There are 2 protein chains.
Amino acid sequence: MKTECDTKQKLLDTAMQLIWEQSYGSVSVDHICERAGAKKGSFYHFFPSKSDLAVAAIDGHWQKLRPDLDRIFSSQTAPLERLAGYCDFVYEQQNRQMQKFGRVCGCAFTSLGSELSTQDEKIRKKSLQIMEWRCKYLAAAIRDAVREGLVPEQDCDGKARDLYGSVLGVLLQAKIENDLGIIRHLKPTIFRLIGASEKVITGTPSHQP
Amino acid sequence: MKTECDTKQKLLDTAMQLIWEQSYGSVSVDHICERAGAKKGSFYHFFPSKSDLAVAAIDGHWQKLRPDLDRIFSSQTAPLERLAGYCDFVYEQQNRQMQKFGRVCGCAFTSLGSELSTQDEKIRKKSLQIMEWRCKYLAAAIRDAVREGLVPEQDCDGKARDLYGSVLGVLLQAKIENDLGIIRHLKPTIFRLIGASEKVITGTPSHQP
DNA sequence: GCTTGAGTTGACTGATCAGTCAAATGGAAA
DNA sequence: TTTCCATTTGACTGATCAGTCAACTCAAGC
């Protein structure tokens, strides 16, 4: 026997990767098991259903992402730099996935959410929950920017959702275009939405020119 | 024998509706045939594969949509009113689909694009093509707004893509939240992105209060 | 009235699907 | 050493999947 839950973790990681690269509907339990080097029985020992695995997989992926977001959105960083750093992070994440799979894969959470929201309530709820968590980071940054007088007074929580909508939209476009280029538009877009000064919008395009 | 291509059209309409409500992966050829009152053989008489049907279905849906967009984006209408009208149209379309199916279904084109872009090149290309067409309407409106001095000088084509990204993002959020509410944020968001005056942004929220 | 061919039918294939299960394995606690 | 239980195995189910096919229907053109 291997480490305690080696197989379980392998199944989660494999499922996450396959679903991200392809889609929930076109990845079968057999594929996941084969790629993870596990047998069907083991799969159903750990997860009651394919749908439950998907929920667990995106949840695990989200947990792994949080330390990065905590760092990027650290209150030690200036508010507008947090947002800029987040845009760069989004780009880099897609870039890494592209190196690995050779295609733009978009946002794993919302790809799954988009595919299954109308059919699987558990997956919809989890996808929604992650969306709300991510908005909290944005809202805090906007709130601090307002406090420091960098942007006008505004509804920070509402605006955070608008910003996140733009992030999702850009990732969806990038996936369909199979081109990372448009993700570069994200930074000026979100600065415009929060009413940052024109200098901020046009300056500092990103740490890669 | 019924009208010339009655069966074919029925298959297209049924497929479009089912895929929009559910997803490509979870709608089978058998389901489509059953709902359309056609037999499997007829299906494969008209379409070489399920994937080809999907391409034809979204193309047909797009063709049906164009007269509406032509009306909304008529050059007889003031540029900013075109954009406002488009936002209302997006809301109304989702509202209609919600009445019919009882759920927010998001954008049919990009839901399919999001699900299959990494796997089916024909579907990705069609989805991309429709995306580009829609951006043209937005670009023309922005261009005219610039010409009339309603908004600052800017890269109209690039900005149109940014706007469309926001539309897609908002529709994706609405689908996952299963709530039309956030679509109401779309109008101020796109006005902000093109740099319209604050009065335009906050005024005229939509024709329903 | 015969031919033609687009459209229709229903039975069929073999693969694959999600999910089940009883029996085997093997490490840890007793 | 024996018991115990989480884990693993591989064979199994019945349903469903996309796609095939030969035979049939029927209106239109000759």
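Order of the sequence lines sets the chain letters (A, B, ...), proteins ahead of strands, with each chain counted from 1. Only a predicted model underlies this, so the values are computations on that prediction, with no experimental measurement involved.
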Visitor: In whole angstrom, what separates A:Glu34's CD from D:dG10's P?
Guide: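 Between P of D:dG10 and CD of A:Glu34: 14 Å.
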Visitor: By nearest heavy atom, map A:Ser42 and A:Tyr24 onto DNA chain C; which one lands nearer the 5' end?
Guide: A:Tyr24
Visitor: Ignoring backbone atoms, establish whether A:Lys39 has a side-chain N or O less than 4.0 Å from OP1 or OP2 of D:dT8.
Guide: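 No, outside the criterion.
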Visitor: Is the distance from OP1 or OP2 of C:dA18 to the nearest side-chain N or O of A:Ser49 less than 4.0 Å?
Guide: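 No.
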Visitor: Would you classify A:Ser28 as touching base, sugar-phosphate or nothing, given that sugar-phosphate means primed atoms plus P, OP1 and OP2, and contacts are heavy atoms under 4.0 Å?
Guide: sugar-phosphate
Visitor: Does A:His45 place a side-chain N or O at less than 4.0 Å from the phosphate oxygens OP1/OP2 of D:dT7?
Guide: yes
Visitor: Surrounding CD of A:Glu121 (heavy atoms of other residues, nucleotides or ligands, distance under 6.0 Å), is the total greater than 12?
Guide: yes
Visitor: Please confirm whether B:Lys187 makes a cation-pi placement over B:Tyr91, using NZ or CZ under 6.0 Å from the six-membered ring centre and within 45° of the ring normal.
Guide: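 Cation-pi check for B:Lys187 and B:Tyr91: fails.
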Visitor: Return the value, rounded to whole Å, for the distance between atom CD of B:Gln9 and atom C1' of C:dG7.
Guide: 16 Å
Visitor: Determine: side-chain N/O of A:Tyr44 to OP1/OP2 of C:dG19, distance under 4.0 Å, yes or no.
Guide: yes
Visitor: Figure out the CG/C1' separation between A:Asp30 and D:dG10, and round it to whole Å.
Guide: 12 Å
Visitor: Let me spell it out: for each of B:Phe43 and A:Gly25, pick the nucleotide of DNA chain C with the closest heavy atom. Which residue's pick is nearer the 5' end?
Guide: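 Nearest nucleotide further toward 5': that of B:Phe43.
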Visitor: Does B:Lys40 make a side-chain donor-acceptor contact with the base of C:dG10, cut-off 3.5 Å?
Guide: no
Visitor: Hey, is A:Asp162 close enough to B:Arg192 for a salt bridge, meaning N to O under 4.0 Å?
Guide: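 Result for this pair is no, no salt bridge flagged.
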Visitor: Rounded to the nearest angstrom, tell me the gap between atom NZ in A:Lys50 and atom P in D:dA15.
Guide: 20 Å
Visitor: Which residue, A:Ile142, A:Leu163, A:Val170, forms the side chain to side chain contact (heavy atoms under 4.5 Å, CB included) with A:Ile190?
Guide: A:Leu163
Visitor: Rounded to whole angstroms, how far apart are NZ on B:Lys8 and P on C:dA6?
Guide: 13 Å
Visitor: Taking the side chain of B:Phe46 as heavy atoms from C-beta outward, which of D:dT7, C:dG7, C:dG19 is closest to it?
Guide: C:dG7
Visitor: A:His31 NE2 to C:dA15 P: how many Å, rounded?
Guide: 14 Å
Visitor: Whole angstroms only, please: what is the CG-P distance between A:Asp6 and C:dG27?
Guide: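 Rounded to whole Å, this separation is 15 Å.
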Visitor: Is it true that A:Asp13 and A:Lys10 make a salt bridge, defined as a side-chain N closer than 4.0 Å to a carboxylate O?
Guide: no
